[in-house]
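The next block holds one structure in the form of structure tokens; read it before the comments.
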Amino acid sequence: MFQSSSRESTDNHHKPLEFKSLSKCSARNLLGEVDFLRIAATLKQDQKQKGKLGQFLTPAPVAELMVGMFGKFDLPQISLLDAGAGVGSLLAAFVAKLCQSQKRPANLDIVAYEIDPFLIGYLHQTLKLCDRECQIAGISLNYEIRDTDFIEDAVRLIGPSLFDNPDNCRFTHAILNPPYLKINAHSKVRDLLRSIGLETSNLYTGFIAATVQLLESKGELVAISPRSFCNGPYFRDFRRMFLEMMALDQIHLFDSRQEAFSDDEVLQETIIIHAVKQKPKFDNVIISKSSNANDDFMLSNSLAYTEIVLPNDSQQFIHIIPDTLSQQVIEKMANFTCTLKDLELTVSTGRVVDFRAKEYLCLMPKEDTVPLIYPLNFSAGYIDYPKVTKKHQALVYAEQTISLLVPNEHYVLTKRFSSKEEKKRVVAVVYDANKINCSWVGFENHLNYFHKDGGGLNLALARGLAAYLNSSLVDAFFRLFNGHTQVNATDLRNLKYPTIAQLITVGLYITEHFPSQKEIDELLQEELLSMSNQSENNPLIIKTRIDEALQILIELGLPRAQLNERSALTLLALLNLKPTDPWETAASPLIGITPMMEFMALHYGKTYKPNTRETVRRQTVHQFLDAALIIVNPDAPERPVNSPKTVYQIEESALELLRTYGTTEWKKSKNKLFLKISDR
């Protein structure tokens with residue numbers, strides 16, 4: 001297939017040895033050795049070079065998860081492309097998986113692209129380790145490291161020479177962790193991508209698009225990338241190209257932005273996609289979700305392709321809906337049909353870019369200044385101004401600054417950026433002009449502001465709009481379709497809203513003391529959705545109950561590893577507590593792991609893969625036992641813990657405590673339980 005440029009030809013191609021079975025232990029050793037190389041490279045890597053190239057090296061657990069998505073390993077010959085190989089973590093995971101397969105190819109060809117000389121040294125070591133494992137497994141390995149720019153080389157290969165000799169560089173499989181890097185509109189790489197029909201602003205979509213074109217028919221792609229390509233105008237061309245050529249099969253996402261690349265400061269939400277190069281689309285697409293790559297407790301939701309990519313959507317948005325609860329959120333949001341244009345409202349980005357207006361900034365207000373509002377001025381639904389802070393709180397009123405200001409009237413402000421793992425993605429406040437005595441005000445560039453024709457809003461309307469934007473329903477919906485840290489004006493324009501009359505009705509209930517999250521959600525339900533609070537299909541009630549269970553685990557001091565949705569749902573199953581049941585009705589049934597998971601699916605819309613039962617036992621139930629929250633086999637103490645009949649029950653004093661949650665007795669009862677546990 002390819003001639004090697006990285007080794008002598010005698011070392012490049014091995015005749016199959018006597019067939020041997022490669023054990024999981026051997027594969028695990030390969031992954032461990034390569035991950036050690038990754039960690040070593042990360043510690044020594046030049047950070048400036050890393051940033052310049054947009055490199056994020058793939059940890060072994062992520063690589064294993066990705067390789068597990070491929071469908072076919074039983075071909076007589078496999079050709080693998082890794083377009084941004086780094087130290088080779090992905091291709092090593094592929095080799096490990098291949099060597100463990102029952103049916104293996106006779107030949108494996110690997111082409112690995114890497115332009116960083118520092119990483120190429122590690123990549124050589126990885127491929128030698130892969131060669132060792134392939135010899136043991138009876139697979140003839142032929143590999144090549146290409147130290148050339150992948151986009152440039154791909155464009156060359158995609159040209160006429162590809163069609164003159166189609167076997168020269170068609171791949172059966174491609175695995176990819178592309179560089180994440182913005183590309184200038186007038187750069188060489190942008191022109192190269194245009195030559196293959198793609199207009200894009202980020203290198204990662206360019207890598208995926210070029211890789212797709214190098215796959216043979218029915219070839220498979222697994223890629224980990226930012227989620228941002230799934231929606232928005234910037235990646236419309238990429239989505240059209242990708243969805244035209246490829247059939248989506250599976251999408252995996254993570255609960256946390258930082259879990260996939262825990263060694264790096266990654267702000268983007270990452271997803272893993274598996275797709276096959278073919279025109280016909282699969283009837284269904286699997287959407288899976290886990291807290292991190294090590295967690296095999298996975299949500300799994302099978303959706304019709306037409307629910308993932310809507311047939312009449314000219315934007316070709318990719319809708320990622322991981323569970324029934326998410327589907328219910330979408331259904332509830334469908335009650336709101338107004339656009340901002342329908343409401344005759346506009347949302348804009350704050351006009352004051354502080355570093356460009358340095359000479360006009362003042363730390364505190366003076367006679368000739370106007371207020372300057374930053375995100376740090378947000379406080380309990382309103383603006384706290386002025387604040388003693390390093391950020392300048394005022395802007396000199398002058399001819400040069402007039403264009404940066406708006407009239408001092410009522411507005412709704414939102415943060416443009418949410419910090420990592422912030423509880424809410426959409427954070428809105430009311431700018432109440434009655435509280436600040438001035439004629440003009442400046443909004444800093446990290447804010448969006450809602451206005452009407454450049455001026456303010458009716459105060460009741462502003463309060464109602466802020467409450468709507470702060471609702472758990474909007475936040476849950478926004479998270480489904482927005483995979484980055486930004487809340488841009490465009491994102492807010494794409495939202496649907498209640499009518500003006502509905503927003504004002506909500507706003508009339510709000511005083512100078514902005515309502516709590518629970519009160520906002522109840523107000524939304526009662527005034528806008530007309531939903532019964534007793535409806536188990538109400539996503540707000542379901543989310544609130546899960547959040548309550550999680551808060552209980554936090555207050556009881558459970559380890560950080562157990563402070564997640566899995567543990568919260570396990571606690572609710574142990575208590576037989578449905579979304580609308582009062583905490584005082586919590587029960588203590590005898591329940592096994594499988595019935596717990598059935599309870600989660602039936603009452604909380606969370607369907608997990610059946611083979612994840614052991615994760616519940618190992619990573620939640622064991623810790624509940626250690627914390628004396630539950631007991632095992634109270635009906636038959638002699639029953640072995642590993643028996644399929646094993647059951648668990650909430651401990652009696654813990655049950656008494658949990659029944660007081662949300663009352664004045666909770667704190668007092670919690671302290672008593674701690675004393676009981678410490679006496680044991």
Side-chain angles (χ1 to χ4, degrees), residues 340 343-366 368-419 422 424-459 461-470 478 485-495 497 503 507 514:
L340 284 179
L343 302 180
E344 297 183 346
L345 300 180
T346 308
V347 61
S348 302
T349 301
R351 301 176 186 177
V352 181
V353 180
D354 54 9
F355 70 86
R356 291 179 183 165
K358 278 183 184 177
E359 58 188 297
Y360 300 103
L361 298 177
C362 298
L363 277 175
M364 294 302 285
K366 297 178 182 178
D368 61 342
T369 66
V370 299
L372 177 57
I373 307 300
Y374 282 86
L376 60 81
N377 293 109
F378 284 29
S379 178
Y382 289 101
I383 290 297
D384 179 9
Y385 181 86
K387 285 188 87 170
V388 178
T389 171
K390 292 180 181 178
K391 290 289 186 183
H392 296 86
Q393 293 288 282
L395 189 71
V396 173
Y397 181 78
E399 184 180 345
Q400 294 85 348
T401 60
I402 290 175
S403 62
L404 306 178
L405 308 177
V406 295
N408 185 47
E409 297 172 0
H410 310 305
Y411 301 92
V412 172
L413 310 180
T414 65
K415 291 183 180 181
R416 283 186 58 209
F417 297 89
S418 59
S419 60
E422 188 164 5
K424 294 179 86 280
R425 189 67 58 82
V426 183
V427 180
V429 298
V430 176
Y431 176 85
D432 186 343
N434 297 329
K435 296 183 178 181
I436 301 177
N437 184 21
C438 60
S439 300
W440 300 91
V441 62
F443 298 136
E444 195 266 337
N445 192 246
H446 288 82
L447 298 176
N448 296 308
Y449 65 102
F450 288 81
H451 58 94
K452 181 177 176 63
D453 299 327
L457 313 176
N458 170 282
L459 183 56
L461 172 60
R463 287 172 171 171
L465 178 57
Y468 173 72
L469 291 168
N470 281 321
F478 196 85
T485 58
Q486 298 184 39
V487 181
N488 293 318
T490 301
D491 299 319
L492 295 169
R493 291 187 197 108
N494 288 333
L495 268 182
Y497 295 82
L503 291 171
F514 211 78

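Not measured: the values here are computed from a predicted model.
Although no hydrogens or angles enter the test, the distance criterion places no donor-acceptor pair under 3.5 Å between the side chain of Asp453 and the main chain of Gly455. Without hydrogens or angle criteria, Gln393 side chain to Lys387 main chain gives a donor-acceptor distance under 3.5 Å. Checked by atom type and distance alone, the side chain of Asn470 pairs as donor or acceptor with a backbone atom of Ala428 at under 3.5 Å. Counting only distance, with no hydrogens or angles, the side chain of Asn377 and the backbone of Ile383 share no donor-acceptor pair below 3.5 Å.
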TODO: For the pair Phe514 and Tyr382, evaluate ring-ring contact (aromatic ring centres under 6.0 Å, His included) and give the outcome as yes or no after the intermediate values.
DONE: CA-CA 7 Å; Phe514 211 78; Tyr382 289 101; 5.7 Å; yes

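Proximity of the aromatic rings of Tyr468 and Tyr497 is defined here by a centroid distance below 6.0 angstrom, and this criterion is met. For an aromatic pair to be called close, the ring centres must be under 6.0 Å apart, and Tyr431 with His410 fails this. The distance between the ring centers of Tyr374 and Phe443 does not fall below 6.0 angstrom.
Counting only heavy atoms from C-beta outward, the side chains of Leu492 and Thr414 approach each other to under 4.5 Å. By the 4.5 Å heavy-atom criterion applied to side chains, Thr346 and Leu340 are not counted as neighbours. Counting only heavy atoms from C-beta outward, the side chains of Leu447 and Phe378 approach each other to under 4.5 Å. Using a 4.5 Å heavy-atom threshold, the side chains of Ser439 and Asn408 count as separate. The shortest side-chain heavy-atom distance between Ser348 and Asn448 does not fall under the 4.5 Å cut-off. No side-chain heavy atom of Leu376 sits less than 4.5 Å from a side-chain heavy atom of Asp384. Between Asn488 and Arg416 there is a side-chain heavy-atom pair separated by less than 4.5 Å. Val353 places none of its side-chain heavy atoms less than 4.5 Å from the side chain of Glu444.
Going from atom CG of Leu361 over to atom CZ of Arg356 covers 13.0 Å, rounded to the nearest 0.5 Å. Cys438 contributes atom SG, which lies 7.5 Å from atom OH of Tyr385 (distance to the nearest 0.5 angstrom). Expressed to the nearest 0.5 Å, how far CZ of Arg493 lies from CG of Leu345 amounts to 12.5 Å.
Open room surrounds CG on Asn437; 12 or fewer heavy atoms of other groups in view lie less than 6.0 Å from it. Residue Lys391 places its NZ atom among 12 or fewer non-hydrogen atoms of other residues, nucleotides or ligands, all under 6.0 Å distant.
The heavy-atom pair separating Leu405 from Arg351 by the smallest distance is O-NH1, 2.9 Å. The shortest heavy-atom contact between Ala489 and Thr349 is CB-OG1, 4.2 Å. Shortest non-hydrogen contact noted between Thr369 and Cys362 is CG2-SG, 3.8 Å.
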